[in-house]
Amino acid sequence: MNLISTIIITTALSMILALVAFWLPQMTPDTEKLSPYECGFDPLGSARLPFSMRFFLVAILFLLFDLEIALLLPLPWADQLYTPTLTFLWATAILTLLTLGLVYEWVQGGLEWAE
């Protein structure tokens, strides 16, 4: 009986929330929201404009250092393993490698947006 009432309550709550989310927002989109691009380029202009390599480099560096978070997320659970020292050694190696890469990019001037 408890399982059936839980399923009914969750289904009813989901339907109510879906209806509220459908009817509540304002349905007056402007031209900016209708634009398919969110990168700041003019969507109606030429597609053959030169692309900023500085923007591309900063985006790639962001993705690289953002990947570091995904690699280090399992660390709080690593001390439950049989050999947590080895796991922390690999994490330290990853952090050291990424820190050296960041220092190299900084020294080369790759992180400066304006020249």
Side-chain angles (χ1 to χ4, degrees):
M1 182 68 182
N2 193 14
L3 179 65
I4 295 172
S5 63
T6 304
I7 291 174
I8 291 173
I9 289 173
T10 18
T11 305
L13 185 62
S14 299
M15 293 177 90
I16 289 170
L17 288 174
L19 286 173
V20 167
F22 181 73
W23 292 107
L24 192 62
Q26 297 177 354
M27 296 294 188
T28 55
D30 57 353
T31 57
E32 291 296 322
K33 288 190 177 189
L34 291 176
S35 175
Y37 299 103
E38 297 177 0
C39 60
F41 298 120
D42 183 21
L44 301 176
S46 173
R48 302 290 181 219
L49 292 176
F51 189 73
S52 171
M53 287 305 289
R54 179 76 61 186
F55 176 79
F56 179 73
L57 178 65
V58 170
I60 291 296
L61 285 174
F62 172 76
L63 288 175
L64 175 70
F65 290 110
D66 194 40
L67 180 66
E68 166 192 358
I69 295 172
L71 290 174
L72 297 177
L73 274 177
L75 274 183
W77 293 278
D79 60 352
Q80 304 294 327
L81 298 173
Y82 294 117
T83 58
T85 309
L86 183 63
T87 306
F88 288 124
L89 181 68
W90 279 108
T92 305
I94 290 172
L95 281 175
T96 304
L97 183 66
L98 286 173
T99 303
L100 290 174
L102 177 64
V103 168
Y104 176 76
E105 285 296 328
W106 196 336
V107 168
Q108 294 295 320
L111 299 177
E112 296 181 18
W113 188 257
E115 294 180 24

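Hydrophobic side-chain contacts under 4.5 Å tie L13 into a cluster, directly or through other members, with L17.
Of the candidates T6, I4, T10, I8 forms a side-chain contact (heavy atoms from CB on, under 4.5 Å) with just one, namely I4.
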Cut-off 3.5 Å, no hydrogens considered: what does the side-chain donor-acceptor table look like for residues 93-104, sequence neighbours left out?
unit_1: T96; atom_1: OG1; unit_2: T92; atom_2: O; d: 2.7
unit_1: T99; atom_1: OG1; unit_2: L95; atom_2: O; d: 2.6

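Under the 4.5 Å side-chain heavy-atom criterion for ILVMFWY residues, a single connected hydrophobic cluster contains both I16 and L24.
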